[in-house]
Every structure is written in structure tokens, then in C-alpha cells.
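Accompanying notes for the structure given below.
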Amino acid sequence: MNDATTTRLTLFNFWVAFGAFGLACFFGMYQVLERSGLFAFLQSPAVYFASVSTHGVLMAFVLTTFFIMGFGYYTAVHSLRQPVWNPRLAWTGYGVCVVGVVLAAVPLLLGKASVLYTFYPPIQANVFFYLGATLLVVGSWFWCAIMLVMLARWKKDHSGETVPLPMFATAANALLWLWTSVGVALESVFQLLPWALGLTDTIDVGLARTLFAWTLHPIVYFWLIPAYIALYCYVPQAAGGKLFSELLARTAFVLILVLGLPIGFHHLYMDPEQGAGWKFLHMVGTFAVAIPTLLTGFTVIASLEMAGRRQGGAGLFGWIGALPWKNPMVLAAILSLLMLVLGGFGGIVNASYAMNAMVHNTAWVPGHFHLIFAGTVVTMYLAVAYKLWPELCGRKLYSGDLALVQLWGWFIGMVVMTTPWHILGLLGQPRRISAVQYNSVLTLSWDPYESLMVIGGFILLISACQFVYILYKTQTAGEKLEAEPAAADDAVRPTPAWLNGFTLWNRVILVLMVLSYGYPILQFFVLKTYNPSAWGY
Amino acid sequence: MQIRFPDKKWFHEKLAGLGGEMSQLEINELEWKWLVVSLAMIGLFVGAIVVTAVSHGIHPPSHVETIDSASLHLSQEFAEDRLGVQPTPLADGSLQVRLVAGRYGFYPREIEVPAGRRIVFRMASMDVLHGAHIPMTNMSTMIVPGYVSEVVSVFPKPGEYPMLCNEYCGLGHDHMWSKVTVVAQENWRAHATGGEQP
């Protein structure tokens with residue numbers, strides 16, 4: 001069901017996503033070079049912090065939002081076998097997002113918005129940066145609405161039937177995003193924009209940080225769910241088998257949605273404006289949300305094992321060798337699961353209520369989230385692009401071998417870059433510095449790791465360029481693809497209503513959100529607080 | 001409206017209903033086992049944290065205390081002549097250290113504290129967001145304008161430690177650090193000087 005509208009919507013979204021990705025990798029390369037201190041002529045805090053801010057915004061907000069929207073349109077149309085509901089609305093949302101990105105990009109590139117991607121009041125950015133970021137979020141709400149309407153319409157026409165898993169997960173993600181983006185939207189509309197426009201003189205930093213924390217962790221699941229969709233819905237088939245358990249998959253998506261929302265305070269462990277009890281509550285939730293990831297690891301690996309055994313792999317580990325490692329989707333799944341395991345360990349340390357003090361705001365943290373986000377999530381995004389590009393362009397993938405080299409390069413580069421970061425973090429190196437200026441004996445031990453980081457960054461940049469090149473060549477010079485007949489879907493087992501819709505879960509989330517954020521937000525209106533005024537860089 | 005309180009019968013009915021639904025799910029035996037293992041793992045981690053938090057009182061810095069950052073210099077506590085290591089120990093024998101964080105340093109720029117003693121740091125920002133961290137120790141806190149950050153630590157070994165700003169606070173952020181010298185208890189000068197700083 002590849003109608004022209006869906007193809008165009010998906011491609012237009014993907015172009016922005018992967019264009020931003022390629023560009024952001026150049027900023028990343030500059031940052032590792034500058035920060036290593038090996039090249040004196042590159043040293044410039046002004047350029048470095050402008051670059052970090054741009055890299056963060058492009059990767060975390062632009063790549064993700066546009067990829068998720070494009071993938072969502074494709075998934076909804078294919079799994080529901082319905083055209084996109086209200087394409088005009090979809091294009092409007094796309095337009096709002098693009099305008100937002102352009103508005104934010106100008107001050108970012110001019111160094112007028114070096115507030116990193118977490119905003120940092122009372123350091124104030126140019127008003128167009130906040131406006132652009134807000135429009136990007138508002139535009140993405142159009143997509144959420146379309147996904148939920150398509151789900152509702154399908155359920156009305158197919159009463160009693162089970163929603164296909166990819167659409168169930170996509171709708172869960174749209175809901176998750178609506179719930180989670182409220183925090184940053186409130187911060188933006190009621191605090192940052194009036195303040196940047198000069199309508200108010202001061203800003204409540206404690207409240208701003210709390211609202212941002214509301215968004216800051218669940219946003220990670222917004223990025224992660226599409227990667228999980230690929231792991232559950234594409235990988236087992238690509239490996240020559242089928243999904244081990246669809247029910248466990250649905251349970252995992254519901255658990256991520258419900259447990260992923262009320263846990264943002266583990267980003268505020270070291271902050272003075274929230275009490276220990278609230279942090280403790282969010283800590284318990286943070287550990288609970290590891291469960292769906294553990295379930296995902298189990299189900300995906302079990303599916304891979306079944307596929308490996310079907311292809312003749314025997315013994316305890318023989319099935320691993322029997323897997324089709326030359327299939328980009330399978331290779332990406334294996335590599336991204338490896339990085340998920342490594343990054344997951346780091347995450348458990350971060351989430352630990354007391355241990356966090358050792359690694360908070362050190363290089364350990366970007367080490368962890370580069371493994372999880374740039375590693376696990378982006379690797380699956382790349383694999384999805386390799387799968388969908390031929391379908392969307394009607395041309396064969398330019399070079400399957402180059403794609404495999406590219407994926408291996410991304411994995412190796414990520415491991416080479418993040419390992420020294422983890423060590424530097426344990427040695428206490430702060431994450432957000434442009435150079436090491438401390439005249440202290442302790443900090444001399446940081447030096448050897450800096451060069452390793454540069455090598456990792458270089459491998460990653462080459463890999464990113466290969467990726468963009470493969471997509472470009474596929475689209476412009478790939479051989480024409482013969483249309484393949486659509487494969488028949490497996491019959492879906494009956495599913496209980498609570499794993500086939502979200503009404504119940506929305507109520508549960510509402511209760512959890514009020515419990516975990518009600519008083520922590522209210523306190524800023526009850527306590528006598530003092531708000532600072534704006535500062536430049 | 002009649003409210004039905006859950007009695008034994010209600011509970012049995014619910015449980016039977018849930019059991020029926022669960023058996024419909026046809027959850028594989030291996031899946032159940034893995035679910036149990038996952039829950040046990042998470043339970044172990046959370047349990048370890050609960051034990052340290054409750055029995056040893058280990059909590060992240062969570063001192064919800066507000067202060068006007070704009071007039072720190074006029075305040076009782078953070079006025080310039082009241083900063084640094086306090087001459088009088090607290091009732092429990094801990095030493096109190098007061099610092100102001102501002103672009104780009106922690107003031108006073110150098111402090112000297114004894115090893116093996118409980119140190120209570122109290123800090124406030126006079127401008128933007130800062131973070132204080134002494135590498136390879138658990139002395140770490142964010143310093144949010146408008147709030148007093150209180151954090152407790154003990155440094156077992158004498159030596160020179162940098163106290164780094166670990167939160168982006170502006171273009172001079174790289175240069176923001178102060179020196180903490182930890183000396184053996186018997187060499188600590190404050191015994192003689194009443195806490196006066198080098």
C-alpha cells in the first residue's frame with residue numbers, strides 16, 4: 001500500500017532527519033578535536049559551545065522528531081492498510097516543524113543560543129531559538145493527532161480485531177510524546193518565551209528545571225520506541241524466523257508508556273530544589289522501566305535464536321553464527337543490542353540514587369547516552385532507512401556491502417569513543433567543558449584518553465558520510481526495483497482489550513503523573529522563591 | 001449509590017477472572033521465568049539502594065531551602081566575611097564550609113579542611129546555574145540560583161583536590177575551579193588559627 005502521498009511524506013521527513021544527522025556528525029567531529037586540546041588553533045569556547053548546542057539540537061530534536069514522523073506515517077499506512085488521514089494536516093505539521101528548525105538554526109549557528117539543548121535558564125538565548133524549538137514540538141503534535149485518529153478509525157471499522165503490533169507501538173509512542181512534551185511546552189510558553197521577549201524580568205529556575213525533567217527522560221523513550229518497533233517487527237523476519245511472543249511485545253510497549261513517564265527526577269538527583277522523598281519515588285520508577293527493556297532483550301534474542309536454529313545452528317551458541325549477519329537489519333539488531341547492554345549498565349549507575357554523585361555531569365554521562373541513543377537507537381534508524389529507502393524510491397539499495405561496512409564502522413567508532421568517556425567520567429572529568437584548564441595534578445591523568453576519543457569520532461564521521469552517500473546513490477543511481485507482491489501477514493491472535501487500546505493506560509498515567517509531579521510543581525507556588533534575572537553567556 | 005466493599009468473595013471472583021484472562025494469554029514458560037528473573041534483578045538493585053538510604057542515611061543533596069541570589073552579599077550567612085571554613089564546629093562535630101559560586105569561581109578560591117572529618121558544604125549561586133564536584137569523591141551538587149545547596153562529605157586521604165564547576169555556566173566555564181587542600185587531622189592549621197584560611 002505504497003501510495004504517492006505516504007511515500008512523499010515519509011521521504012520528506014527522512015531527508016530532514018538524515019540531513020540533520022550528517023551535519024551534526026561534522027559538529028561532533030569538531031568537538032572531539034577541539035576538546036582533545038591537541039590542536040591549539042581550534043580552541044575556542046564560543047565556537048565549541050555553539051557547536052555542542054547545535055549538535056545536541058540536531059541529533060536529539062531534529063533527527064528524532066522527523067524520523068519518527070516519517071516512520072510513523074509509513075507504519076500506520078502499511079499496518080492498517082489505510083491511506084494517511086488528512087494529508088493536508090500532515091503537511092501543515094511538517095511545515096510548522098521545518099519553520100521551527102530554521103528559526104532555531106539561525107541563532108544557534110550565530111552563537112546566539114549557546115544554551116546547549118537543555119536550555120539552562122537563567123542563561124538566556126535569543127528569542128527565536130525558543131520560538132523555533134516550540135514550533136518543532138507543536139508541529140509534531142499534528143503527527144500525534146493523525147496517528148491517534150487513524151488508530152481510532154481503524155478500530156471503529158474493525159471492532160473486536162487486534163491492532164497490528166507496529167501500529168499499536170506507534171500509537172503508544174504518539175501518546176507518550178503528547179504526555180511528555182507538555183512539560184517542556186509549559187516551560188517554553190509560560191516561562192522562557194515571555195522572559196526572552198522581555199515581558200517578565202526574572203525566571204523561576206527551580207520550576208523550569210522541574211518542568212524540563214518532566215520531558216527529559218520520557219523523551220528518550222519517544223526516540224527508543226521506533227528502534228524497538230524495528231527490533232520486534234522487522235528483525236525476526238529478516239533473520240529468517242518470526243517474533244517469539246507478540247504479547248510480550250505489547251506488554252513491553254505498554255510498560256514503557258506507563259512507567260516511562262513519571263520518572264524524570266533522576267535527572268535532578270543533585271539539585272537542591274526537590275526533596276529526597278520525591279527523588280526516591282522517581283528512582284523506584286526508573287528501575288521499574290528497565291523491565292520492558294529486559295523483556296525486549298529477551299524476546300528479540302529469543303526470536304533471533306529461533307531463526308538461527310531454523311537455519312541449522314546447533315549447540316548452545318551455534319545459532320549465533322548461523323544468523324544472516326550480512327543482512328543489514330540483522331547486523332544492526334545484534335550491534336545495537338550489544339550497545340544496549342553496555343549502555344544499560346552505565347544507566348543503572350546513573351539511576352542509582354546515591355552512586356550518581358560520583359558520575360553526575362561527568363564525561364560518564366555522554367558516554368552512557370551516546371551508547372544508548374547514538375548506539376542502540378540510531379543504529380536501528382539507519383537499518384530502517386536501508387530497508388525503506390529502496391521501497392520509497394523504487395530502486396535497489398546502492399551497495400549492500402558498503403551498508404554492512406558502515407554499520408560495523410558506526411559500532412566500532414561508538415565503542416572507541418565512549419569507552420574513554422566512561423573512564424574519564426570515573427576520573428571526574430566534567431562533561432560540559434571545551435578544554436581542560438585546571439592546573440591540577442589529578443587532571444593530568446585525563447590526557448591519554450583524549451586521543452582515543454578523537455579516533456572514535458573520526459571513525460564515526462566516516463561511517464556517517466558513508467550512510468548519507470549510500471542513501472544518495474540509491475535514490476539517484478540505484479537500479480530500478482521490480483514491485484514485490486506484499487507478503488501476507490501472519491494471523492493475529494486474539495488480544496485482551498487492555499493490550500489492544502490505551503483508555504485504561506491513559507487513566508493510570510494521569511494518576512501516576514499527579515502523584516509524582518503534583519506537589520513537586522505546586523511547591524514553587526507555595527514556597528517563597530526568589531527568581532534570578534537573565535544573564536548572557 | 002451503593003458502594004460495594006471488597007470482601008472475600010469479590011476478591012475470589014476478581015482473581016478467578018484475572019486468572020482466566022492470564023491463561024488465555026498463553027505466556028510461554030520461559031517468558032515467565034525471565035519475567036521473574038528481571039523482577040528479582042530490579043528488586044535486588046532497588047533493595048540495595050533502600051538499605052543504604054534508610055540505614056546509612058545516604059541521600060542525594062536535597063536541601064529545599066530558598067535564598068535570594070541577588071542579595072547574597074547582604075545576607076547573614078553568605079556575606080563576604082562569613083565565607084570559608086567556619087571556626088566553630090557544628091554540634092555533631094562536623095565542620096561547616098560556606099561557599100559562593102559565581103562566574104567563574106567558587107569563593108573563597110582556596111580552602112583547607114582536615115581529613116577524616118565530616119564536612120558540611122553550604123553553597124549558593126550569585127548568578128547562574130553551577131555545579132560543584134570534587135573528582136573521585138561523592139562531593140557533588142548542583143548550585144541553582146535561588147536555593148542553598150547543602151552536601152556532606154568526608155575526605156579520607158590528605159592531598160590537593162580541585163573543586164570543579166561541572167555545569168555549563170558561560171563561556172568561561174572551563175576556568176571555573178577552586179582548590180581544596182585536605183590535610184591530616186593533626187596538621188590542620190585551624191586548630192591554632194580558629195579556622196582562618198591560608
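In what follows, chains carry the letters A, B, and so on, assigned in the order in which the sequence lines appear, proteins first and then strands, with residues in each chain numbered from 1. Model, not experiment: these values are computed from the prediction.
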Original post:
So, does Glu34(A) use its side chain to make a donor-acceptor pair with the main chain of Ser44(A) at under 3.5 Å?
Top reply: yes

Original post:
Which atoms of Leu294(A) come close to chain B, meaning under 4.5 Å heavy atom to heavy atom: side chain ones, backbone ones, both, or neither?
Top reply: both

Original post:
In terms of heavy-atom proximity below 4.5 Å to chain A, should Ile134(B) be classed as side chain, backbone, both, or neither?
Top reply: neither

Original post:
Under a 4.5 Å heavy-atom cut-off, does chain B meet the side chain of Gln274(A), its backbone, both or neither?
Top reply: backbone

Original post:
Checking Met283(A) against chain B: side chain, backbone, both or neither under 4.5 Å from a heavy atom?
Top reply: side chain

Subject >> Phe244(A) and Phe298(A) aromatic ring geometry - parallel, tilted or perpendicular at 30°/60° bounds >> reply: perpendicular

Subject >> Contact class of Glu167(B) relative to chain A, heavy atoms under 4.5 angstrom >> reply: both

Original post:
With respect to chain B, which residue among Gly536(A), Ala290(A), Ala354(A) yields the maximal number of heavy-atom pairs within a distance under 4.5 Å?
Top reply: Gly536(A)

**OP:** Indicate the ring-plane relationship of Trp278(A) and Tyr519(A), choosing parallel, tilted or perpendicular according to the 30° and 60° boundaries.
**Re:** parallel

Original post:
Top residue by heavy-atom pair count (under 4.5 Å) with chain A, among Arg103(B), His133(B), Met176(B)?
Top reply: Arg103(B)

**OP:** Describe, in one word, how the ring planes of Phe265(A) and His282(A) are oriented to each other, choosing from parallel (under 30°), tilted (30 to 60°) and perpendicular (over 60°).
**Re:** parallel

Original post:
Arg35(A) and side chain to side chain donor-acceptor pair (under 3.5 Å): which partner among Gln429(A), Glu450(A), Gln43(A)?
Top reply: Gln429(A)

Subject >> Closest non-hydrogen atom pair between Pro108(B) and Ser178(B), with its separation >> reply: O-OG, 4.1 Å

**OP:** State, to 0.1 Å, how close Leu171(B) and Pro45(A) come at their nearest heavy-atom pair, and which atoms those are.
**Re:** O-CB, 3.5 Å

Subject >> Among Val284(A), Leu295(A), Thr529(A), residue most engaged with chain B (heavy-atom pairs, under 4.5 Å) >> reply: Leu295(A)

**OP:** Between chain A and each of Asp127(B), Leu129(B), Thr52(B), count heavy-atom pairs under 4.5 Å; write down the option with the most.
**Re:** Asp127(B)

Original post:
Is it the side chain or the backbone of Leu268(A) that comes within 4.5 Å of chain B heavy atoms, both, or neither?
Top reply: neither

Original post:
Heavy-atom distance under 4.5 Å to chain B: side chain of Asn439(A), backbone, both or neither?
Top reply: both

Subject >> Nearest heavy atoms of Ile67(B) and Phe78(B), plus distance in Å >> reply: CD1-CD1, 3.6 Å

**OP:** Identify which of Met358(A), Met355(A), Lys528(A), Arg431(A) forms the greatest number of heavy-atom pairs closer than 4.5 Å to chain B.
**Re:** Met358(A)

Subject >> Side chain / backbone / both / neither for Leu427(A) at chain B, heavy atoms under 4.5 Å >> reply: both

Subject >> Segment of Phe280(A) engaging chain B (4.5 angstrom heavy-atom cut-off) >> reply: side chain

**OP:** Specify which of Cys165(B), Pro135(B), Gly43(B) makes the most heavy-atom pairs with chain A at under 4.5 Å.
**Re:** Pro135(B)

**OP:** For the pair Ile111(B) and Phe106(B), evaluate side-chain contact (heavy atoms from CB on, under 4.5 Å) and give the outcome as yes or no after the intermediate values.
**Re:** CA-CA 10 Å; Ile111(B) 54 168; Phe106(B) 298 98; over 6 Å; no

**OP:** For each of Glu65(B), Lys179(B), Met136(B), Glu160(B), tally heavy-atom pairs with chain A at distances under 4.5 Å, and name the one with the top tally.
**Re:** Met136(B)

**OP:** Pick whichever of Asn138(B), Val37(B), Val128(B) has the most heavy-atom pairs under 4.5 Å with chain A.
**Re:** Val128(B)

Subject >> Phe49(A) and Tyr537(A) aromatic centres sub-6.0 Å >> reply: no

**OP:** Sort out for me which of Ser125(B), Ser69(B), Pro162(B), Gly146(B) touches chain A most, counting heavy-atom pairs under 4.5 Å.
**Re:** Pro162(B)

**OP:** Give the member of Pro532(A), Gly275(A), Ala534(A), Pro272(A) that has the highest number of heavy-atom pairs under 4.5 Å with chain B.
**Re:** Pro272(A)

Subject >> Derivation of the side-chain contact (heavy atoms from CB on, under 4.5 Å) call for Val152(B) and Arg118(B) >> reply: CA-CA 7 Å; Val152(B) 180; Arg118(B) 198 167 173 271; 3.7 Å; yes

Original post:
With a 4.5 angstrom heavy-atom cut-off, which part of Met126(B) approaches chain A: side chain, backbone, both or neither?
Top reply: backbone

Original post:
With ring centroids as reference points, do Tyr104(B) and His173(B) lie under 6.0 angstrom apart?
Top reply: no

